[in-house]
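This report concerns only the one structure given below.
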Amino acid sequence: MNDRLRDAGRKIGRVAPGSTRQEVAALRERVSELEAEVQEARRLNRRVAELLDVVEELLVPLTLRDEEKVQAFLDAHTLTP
């Protein structure tokens with residue numbers, strides 16, 4: 001463990017002035033990009049879940065051959081031009 005600390009200290013001494021700030025800024029920018037990508041993935045996952053719910057609501061009455069429920073569901077979810 002002490003060897004690792006010494007090696008890390010030596011590396012710090014060799015860092016060019018200002019490069020650490022640049023690296024931190026680059027990492028912060030990358031974290032912001034990743035956070036935005038995670039939010040987009042969450043939004044898409046939520047949309048997929050909503051679509052699956054709609055499909056399930058439609059398929060269950062079809063398997064039970066309940067035409068009234070199927071027609072009611074289609075009427076409620078059909079977009080009118």
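Basis for what follows: all heavy atoms, side chains included, without hydrogens, waters or symmetry-related copies. What you see is a predicted model; the values in this text were computed from it and never measured.
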Please table the atom pairs, donor to acceptor, closer than 3.5 Å between any side-chain atom in residues 27-36 and protein atoms at least two apart or in another chain.
residue: Arg30; atom: NH1; partner: Glu33; partner atom: OE1; Å: 3.2
residue: Ser32; atom: OG; partner: Arg28; partner atom: O; Å: 3.1

Interatomic distance, CZ@Arg47 vs CG@Leu44, rounded to 0.5 Å, equals 10.0 Å
Glu40 CD to Asn45 CG distance, which is reported to the nearest 0.5 Å
10.0 Å
Within a 6.0 Å radius of atom CD on Glu50, are there more than 12 heavy atoms belonging to other residues, nucleotides or ligands?
yes
